[in-house]
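Structure first, commentary second.
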Amino acid sequence: MSDVTDKVPLSHDGAALPLLDVRNLTVEFATRRGTVRAVKNIDITLAKGETLGIVGESGSGKSVTSYAVMRILDRAGSIAEGSVMFSNLDLRAASETDMRDLRGREMSMIFQSPRLALNPIRKIGHQIEDVLLQHAQADSGSVSDKAIEVLESVRIARPRERYHAYPFELSGGMCQRVVIALALACRPQLLIADEPTTGLDVTTQKAVMDLVVELTRERAMSTILITHDLGLAAAYCDRVVVMEKGNVIETANSSTIFKQPGHAYTRKLMRATPRPGISLRDLLPDEDAARAGPILNKTAAAGETPLLTVENLVKEYPRKGVATSIKKMFGTTPVPESDVFRAVDGISFQIGRGESVGLVGESGCGKSTTSMMLMRLIDKTSGTIMFDGEDIGAIPAKDFATLPQRKRIQMVFQDPTDSLNPRFTAARAIADPLLRLSKIGRGELRSKCEELATQVGLPLEFLDRFPHQLSGGQKARVGIARAIALKPDLIVLDEPTAALDVSVQAVVLNLLQDLKDSLGMSYLFVSHDLNVVRLLCDRVIVMKAGQIVEQGPTERVMDAPQADYTRDLLAAIPHPPI
Amino acid sequence: MTETTATEALSIAPPPATVAQAVVKPENNSIFRHARYVMSENPVTGMAFGLFALIAVLALIGPYIVPHDPLASDTAATLAPPSLHHWFGTDQLGRDIFSRVVVATRLDFVIAVSSVVLVFVMGGFAGIAAGFFGGWTDRLVSRLADTIMAFPLFVLAMGIVAALGNTVTNIVIATAIINFPLYVRVARAEANVRREAGFVQAARLAGNGDFRILLAHILPNIMPIMMVQISLTMGYAILNAAGLSFIGLGVKPPTPEWGIMVAEGAANIISGEWWIALFPGAALMIAVFTFNLLGDGLRDLVDPQRRT
Amino acid sequence: MLATIGRRLLTVIPTLIGVVIVTFLLTRVLPGDPAVYFAGPAATPQSIADIRKGLGLDRPLPEQFARYVNDLAHGNFGNSLSTGRPVATEITSRLPASAELTFLGLILSLVIAVPLGILAAVKQGSWIDHTCRVVATAGVSLPVFFTGLLLVYIFYYQLGWAPAPIGRLDAFATAPPNYTGFYLIDSLVTGNFETFRAALSQLILPAVTLAVFSLAPIARMTRASMLAVLASEFIRTARASGLDTRTVIITYAFRNAMLPVVTTLGMVFSFLLGANVLVEKVFAWPGIGSYAVEALLQSDFAPVQGFVLTMAVMYVVLNLLIDILYGVIDPRVRLEG
């Protein structure tokens, strides 16, 4: 099996040929409105044993490039121009049968969202066996042992039991290990990892990336890492290719790309990537940062009574089995008797006036539940939520919507698309809170909307558009305008930039900071991204399993963490060489 | 999001409009322009709208334009095959089949429309309330729908008509009842999904009470799917009513109605007089076909994702 | 798995209770005097009063219901007015005819619709795909009794390939001995191929009629769910792992795509059992549907009530089977439930 080095083909002058050589590649998609070029005349080479990062924002063509290499473009897509050489094999000319033999055996791929990448109703052991049998890596007698061996090689504990597991019984990180196991089962020479850690928690993300690097290094494999995260690429790759709108705009060693980005776009992308030791303005291109001016940074005055005081807040849910669709349909299964699950387990904290507090933790830690309770969208189980001297936690959530207190606490949602009514124009969405909770006249409404749009940097001509006619960044601005429309005292920001490209995120974060300073609001910033929290927040609260493990001033928590868990979180952030 | 996933199974949706088209500013007449766009994109939908207009017009003015009295028998011309004088031929009593088919449009149309309107109001609101409020409202409505669904629907309709009495009104009621679970399910599922949607939470933050959220935010977003449902169940309602009258329930002879006319012609099929059953049967088929096509077309029309 | 089935069996109980209540309500609570229905059109006030007493209709409603349930528990569905025979006996003797027809129709449509839907999805945009879409749209628009008549006209009157639509056997064939009540099976078991051929030739047209009717929803759903599954990420993974087309389509895509199709089968059964009534009328089929129709037209209510109840119970059982089948395919239901 370790004959990889023997396979390295030599060119006529004796130098090692690249493992993968993409020349002048153009990929087109046939749509109903004509042909769209997703990738335009790009060149990419990958040496034996090299790790290459392909970085770009959504729509840059980075994933399409990898699908073209694997020849798994969907029906509408095709390679229009160029050549793809794998070793000395012309992949563009290869027959479908040959390609099928290559896929999985010589070149493999791992995908984003690992749970979706596995057949939901087939045991993971059998899925690995399918690949092994397909490529004649084992016979039917030895195949199950071999599959267990493969599971073991991706550090899955108790592989013999896990062999019989279905994907839904495994965690996201575990599923990604299985996907890696599938990809590496036949010891291919090339691994393409397409956003392998997106959607995974930061600690899981690190474990998965470390595993990929370790395995590929151990087996002298070549790897292509496709990601939107320049930091991740720089931390794990030898070389980085930057793509924008279907073009390769820069190729550089990862050690130099942060120091001397060659292309303006790379510079912009690099700058926009949140990292330690910078300020919010550093995320923006120079000219924009200059225009924005210095950050006023009015922090909470000491001695003042806090705006929000949370004490011993608890939220319990009945623990019940996941109701399956078929049961829901017949609606006849009684809820099984069960104990309760504490999503939020007795937390206490304060938010000062004008203060910006970060709430961080991994998925399932209870941070979203906490924010929903503060927003009075769901009821607490016990504890108090004192807002400006009043226990708003005692008011039932269903009555809160029409009370005057409602306008003092607002929220910016995670998914800008989901949070806008698809049948409301931008102006109508911004106007909604004004109509309901302020005494504004119909006549002033339009001018007020325009004022808000200007405040959040939304060009006025977009006000009459529907959400589907707006970009992600524009939708985010509409969501922010709606949240500040009533001049609230507290805004809960629930991962407001998680769905945005990094350059858009940079702009939105700066906007949020400026709005806070000019309007004197307090923020509770819920996020999983510590680098972003560091930029925006005065104080940080770290949550794990429903409890607060640490809270304190941002600098102190980030630079001298007290809790082990905080240290783990910080260590898991990819550190690009700067 | 969910709008497309839920309807994907019903038809093959055209790909969403490209960005270039999507940014065109909507104008006041956008609905008409959009209707024209949908029809030019999909000629079949245009055809369905045309057929629907024809059916509606015939239902309105049919009795005034037919060449013969649909009830007048003519013993001299029984079982005459189609000719210039009798376009669709005559039946065993010598009645003109063309006139009878045209005049029957109104009755079939009225039965279908009234039963669908009835069930849309009952089932739609019950379903939305069940999905939005959950709890006992949901349990009550779902249990009711489940009990109806426990019967094969046509069989239940037979039982209801038999018990309530053999009249056209009861056919309408029976048809509405058997469609009730379908409406409840669709409305409930859609409302349930949207209950947790970000824009509904946002509406709550904006100070909207439950009732206003239901009417202003959730209902308009569910309408596209309900429209498809209406159109598809229209077809089903017509089939169901015709089936009931085919087995001799509801409509009494000599009233012209498509189902009963097919039943009257059934005996003549084995002796070769095909036209008595064929023409009303074909009318029935075209009507149902039209409503089914219309379902898909309507969805494109009311769905803002496709509006350009 | 057994525990899941057991739990699912328990959930049938409230459904059955609901069914019994509805069939009870259909006769007792709705406007109109049930005694008048049960007495038939030729009743005198005296006979109506007798029947009311005989049926216990003068008792309070809960007592009537208890009595109704008690009768059902003893297999007593009442007596038919027109024939005087117990409804239960009549339904039992006619049920195999309906069941044979319905099952053959369903099997025919599954055999055609599922491969058609799969091929249409795999070869999206090909002529098979277009055929599938036309069949799906036309099929749901065809009134089932109209299809039946068309087939009779073409294959009996015009071509003379099919026998006259006069029931399960023509006048010359003799019915096979009654083991299962399914003529096809009974005649094969006894080696009576002449009867088998005669029974099959009578059965084929009505079965095709039912198949045409149920073809559309199954083909439509198979195609739609295959398309959805083929576009899913785990299929992309399977392709990227170099699995061959057959494995990808059968082992990976098809089994997943079957889940929504199996769910649709519930609806298809509902349609089929209803359409069965109409088809039996067109082909003079001596099943429970035509029994109910005859009784309905004579205002003979006991058979109708028995028929509605029988159909509902059959449908509940079929839904139960569908659920179990779903659990066999989908481990998520099996293991989480």
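Lettering of chains follows the sequences in order, A, B, ..., and the numbering in each one begins at 1.
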With a 4.5 Å limit on heavy-atom distance, are the side chains of [X] and [Y] in contact?
| X | Y | result |
| --- | --- | --- |
| E280(C) | I247(B) | no |
| V277(C) | M158(B) | yes |
| L156(B) | V22(C) | yes |

Side-chain donor or acceptor of S141(C) paired with backbone N/O of M285(B) under 3.5 Å: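 Between the backbone of M285(B) and the side chain of S141(C) there is no qualifying donor-acceptor contact (under 3.5 Å).
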Quick check on F269(C) against chain B: is it the side chain, the backbone, both or neither that has a heavy atom closer than 4.5 Å?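 Looking at F269(C), nothing touches chain B.
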Is M267(C) close to chain B through its backbone or its side chain, or both, or neither, when contacts mean heavy atoms under 4.5 Å?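 Contact with chain B: side chain only.
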Which region of [X], side chain (C-beta onward) or backbone (N, CA, C, O), has a non-hydrogen atom less than 4.5 Å from a non-hydrogen atom of chain C, or is it both or neither?
| X | value |
| --- | --- |
| L278(B) | both |
| T290(B) | neither |
| L182(B) | side chain |

Using a cut-off of under 4.5 Å for heavy-atom pairs, which of V140(C), V304(C), V316(C), L16(C) has the most such pairs with chain B?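 Among the listed options, the one with the most contacts to chain B is V140(C).
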List the atom pairs, donor and acceptor, that lie under 3.5 Å between side-chain atoms in residues 151-167 of chain C and the rest of the protein, sequence neighbours left out.
from	atom 1	to	atom 2	distance (Å)
Y153(C)	OH	Q158(C)	NE2	2.8

Does NZ in K123(C) sit with more than 12 non-hydrogen atoms of other residues, nucleotides or ligands closer than 6.0 Å?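 No, the 6.0 Å shell around NZ holds no more than 12 heavy atoms from other groups.
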